[in-house]
Amino acid sequence: MKPTVWRVAIPSPLRRLFDYLPPDGDYPEQPVGCRVQVPFGSRKVVGLVVSVGEADPDLPLKRLRPVESCLDSEPLVPESMMRLGEWGTRYYHHPPGEVFEHLLPLALRREGQAQRRQEDWWLLSEAGRQTHPDELGRAPRQQAVLARLQQAGGALPAQEMSDLGQGWQSVARRMADNGLLFKESRDPAVPLNRGEEPEMVLNPEQAAALSRIESDMDGFACHLLEGVTGSGKTEVYLALIRRILAEDKQALVLVPEIALTPQLTLRFRRALPARIGLYHSGMNDRERRDTWLMARAGELDVIIGTRSAVFLPLPRPGLMILDEEHDPAFKQQDGFRYSARDLAVVRARQQAMPIVLGSATPALETLRNARDGRYGHAQLSQRAGDARPPALKVIDIRGQELEAGLSGRLLQRLDERLKAGEQALLFLNRRGYAPVLVCNQCGWTADCLRCDARMTYHRRRGSLDCHHCGASRRLPRACPECASEKLGVAGQGTEQLEQVLARRYPHISQVRIDRDTTRRQGALDAKLAAARDGEAQLLIGTQMLAKGHDFPNLTLVGLVDADQGLMSADFRGPERMAQLVTQVAGRAGRGKKAGEVLIQTRAPEHPLLETLIRGGYPAFADAALRERSEAGFPPYSHLALLRAEAHEKTAVQAFLEEAMGLGQATADERVLLMGPVPAPMERRAGRYRAQIMIQADERTPLHQLLTPLAPALENLKSARRVRWSLDVDPIDLF
DNA sequence: AGCACGCCGACT
DNA sequence: GTCGGCGTGCTC
């Protein structure tokens with residue numbers, strides 16, 4: 001009989017599992033989901049047991065090595081999450097070791113107990129219970145400790161005893177020596193919110209959306225909640241969560257970025273009688289481990305997290321919510337390139353729970369799923385309260401005299417609004433002072449040495465920074481080519497806008513919000529607070545400002561340059577532009593006063609832009625979906641990208657040529673391979689980049705091609721000289 | 001990705 | 001004479 005082996009996912013880029021003999025020592029009956037310490041080549045690594053089975057007949061038995069030790073006495077990763085990992089490995093054609101690494105927080109990927117941070121408690125012994133404080137005679141501090149513990153019923157966390165005064169711990173230790181008390185480590189209790197805020201009364205649309213989703217909550221169901229900005233999606237989320245809390249189930253809420261967690265958390269803490277946890281990249285390893293373990297233990301009822309939280313285990317799964325589901329941040333852009341949105345839907349189906357995708361500007365993929373009836377579709381078309389939707393207007397800036405990129409008409413409206421004491425926002429998705437530094441004598445421009453890109457001039461810093469690779473250097477005094485001192489700039493960034501506007505409106509308080517001004521801890525919160533309470537009247541920012549924030553006094557929004565998306569070579573450019581315009585526009589007129597949105601463009605007659613202005617996002621989406629259908633792009637086809645990069649351009653070419661040959665040999669007529677083509681910015685951070693695009697109308701043939709292709713590429717000799725990756729369902733083509 | 005093994009150049 | 005350069009092969 002063939003021996004039983006454990007198939008283990010090993011942290012390595014190899015697209016296979018490794019078989020081991022069971023360990024000599026103790027191990028659980030069912031080791032799937034347990035971490036194991038195994039020998040791997042000449043080193044020891046921690047892997048995850050994925051399955052148990054018979055030894056592979058093709059593998060000589062003597063090559064099998066035994067597991068050194070099983071690190072868990074029961075599976076740490078539950079079966080449900082192992083299934084999600086297996087699905088991810090198959091779908092994304094990514095090495096299992098790297099996929100399964102995502103199932104555990106960093107702090108649990110090493111040796112050691114899967115235990116969360118402990119809290120010290122002091123407890124009374126039997127003797128301590130029997131002793132009256134007076135019996136301690138001339139030891140007043142011991143008396144105090146004893147009395148305190150007796151009052152508390154015999155046990156208290158050490159933290160809550162600190163008011164007993166300096167040095168109380170040594171008093172307690174002495175009493176422990178005398179057998180009156182003892183110390184114990186316990187799991188800290190998770191605070192339960194009271195949820196004191198009264199439930200909001202839902203407006204008819206919200207109520208209708210709620211009941212529509214609620215009617216379909218036993219088992220799997222996916223609903224798109226499409227609600228214009230300010231329509232109160234959060235109230236619907238809260239009502240749904242209350243419902244599943246009443247059934248004693250857990251809810252997982254995913255948001256695109258950390259910046260959105262604090263406000264949502266605050267809102268949830270006020271509204272929900274629940275134990276709420278957080279999971280995002282701003283937390284340290286220990287905090288993430290603790291949330292992970294508490295989620296797994298069922299000690300948290302609601303968890304709010306970013307992308308990676310889709311892997312949090314839930315023993316009582318009740319509901320998943322993905323807010324701003326269209327946001328590209330849900331797609332991981334390196335390593336294991338998963339879409340948290342797509343994985344969440346798969347997970348919901350696997351675990352038979354409902355999922356709600358919320359957005360004011362749904363991704364075209366999601367919209368199509370809703371229209372084809374695969375997803376439920378609930379809509380909120382009215383803004384809550386009295387708020388009216390803002391009017392969108394286009395400003396044609398062709399041939400116009402501009403001041404720092406601002407047209408006369410935009411400046412005039414700005415004058416009026418600011419004079420009236422109202423708040424205005426200027427949106428420009430480019431930080432720094434100017435994107436180009438140029439020599440007016442010889443035409444030299446400041447280019448990045450490692451990228452095919454210009455360096456951005458940062459005036460306050462006095463530096464030239466490359467926004468693609470992070471390179472930075474001092475601003476030259478003179479042109480390095482011709483020594484002329486006539487250096488000038490072209491184009492503008494938020495820093496320039498801020499400076500020019502400060503000169504124009506010296507008595508208006510303004511705030512700039514971009515990655516440069518919010519680097520410091522807490523700076524973003526402070527600036528957002530200033531923007532929210534109206535302390536800052538003029539707001540200038542990049543897309544950081546576009547998301548989810550509420551500025552009640554804001555009446556004018558100016559999009560300084562709307563053309564970036566329209567002119568993009570990526571077929572998703574217009575979709576991004578429309579989402580951004582709609583999201584930014586949604587910041588205006590959320591209070592009582594009507595809002596106005598001015599869009600500066602050099603392509604005012606662009607059909608998709610016109611459709612967006614006239615009919616809003618839904619009309620845009622109709623038109624864009626029609627275009628995608630005609631062009632055979634997603635969601636009407638499926639894409640994968642094989643990317644490669646290396647310092648040696650020839651290495652990239654050689655690898656992709658060989659890959660192309662392999663691909664063409666196995667591809668049938670249902671799959672189209674295109675390339676290799678260089679990336680639009682061919683060189684980045686000193687590496688040459690190129691790619692092959694693989695397209696198919698149906699998913700099946702695409703996967704039939706990739707399943708053998710991925711491991712074949714791995715064995716290519718030319719693959720060792722490049723960094724390569726497969727991106728299934730890419731969201732950026734470059 | 002690591003890591004070991006292996007075969008050729010400038011140094012204690 | 002060796003330390004170490006990175007090419008190439010392997011990891012149950």
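Reminder, nothing fancy here: chain letters follow the sequence lines and each chain counts from 1.
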Interatomic distance, [X] [atom1] vs [N] [atom2] [rounded to whole Å]:
{"X": "Trp724(A)", "N": "dA1(B)", "atom1": "CH2", "atom2": "P", "result": "10 Å"}
{"X": "Ile10(A)", "N": "dA1(B)", "atom1": "CD1", "atom2": "C1'", "result": "13 Å"}
{"X": "Glu101(A)", "N": "dA1(B)", "atom1": "CD", "atom2": "C1'", "result": "11 Å"}
{"X": "Glu714(A)", "N": "dA1(B)", "atom1": "CD", "atom2": "P", "result": "10 Å"}
{"X": "Phe40(A)", "N": "dG9(C)", "atom1": "CZ", "atom2": "C1'", "result": "13 Å"}
{"X": "Lys44(A)", "N": "dT11(C)", "atom1": "NZ", "atom2": "C1'", "result": "14 Å"}
{"X": "Arg721(A)", "N": "dC6(C)", "atom1": "CZ", "atom2": "P", "result": "12 Å"}
{"X": "Asn715(A)", "N": "dT11(C)", "atom1": "CG", "atom2": "P", "result": "12 Å"}

Pick base, sugar-phosphate or nothing for [X], based on heavy-atom distances below 4.0 Å to the nucleic acid.
{"X": "Tyr20(A)", "value": "sugar-phosphate"}
{"X": "Arg16(A)", "value": "base"}
{"X": "Pro11(A)", "value": "nothing"}
{"X": "Leu64(A)", "value": "sugar-phosphate"}
{"X": "Ser42(A)", "value": "sugar-phosphate"}
{"X": "Leu14(A)", "value": "base"}

Arg684(A) versus His468(A), side-chain donor and acceptor atoms under 3.5 Å: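 Note: His468(A) and Arg684(A) side chains miss the donor-acceptor criterion.
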Residues Gln704(A) and Asp668(A): side-chain donor-acceptor under 3.5 angstrom: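 Not at all, the side chains of Gln704(A) and Asp668(A) share no donor-acceptor pair under 3.5 Å.
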task: Look at the side-chain N and O atoms of Arg723(A) and state whether any lies under 4.0 Å from the OP1 or OP2 oxygen of dA1(B).
output: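 Arg723(A) to dA1(B) OP1/OP2: no side-chain N or O under 4.0 Å.
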query: Think Arg65(A) has a side-chain N or O under 4.0 angstrom from the OP1 or OP2 of dC12(C)?
result: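 Arg65(A) to dC12(C) OP1/OP2: side-chain N or O found under 4.0 Å.
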Ring-ring centroid check Tyr338(A) His94(A), cutoff 6.0 Å: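 Here the rings of His94(A) and Tyr338(A) have centres that are no less than 6.0 Å from each other.
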query: The side chain of Arg720(A) lies closest to which of these nucleotides: dT11(C), dG9(C), dC12(C)?
result: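 Selected nucleotide: dG9(C).
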Nearest-0.5 Å distance, CG of residue Leu21(A) to CG of residue Leu61(A):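 So the CG of Leu21(A) and the CG of Leu61(A) are separated by 8.0 Å.
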task: Determine, for Tyr279(A) and Arg288(A), whether the Lys NZ or Arg CZ falls below 6.0 Å from the six-membered ring centre while staying within 45 degrees of the axis.
output: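 Checked: cation-pi criterion met.
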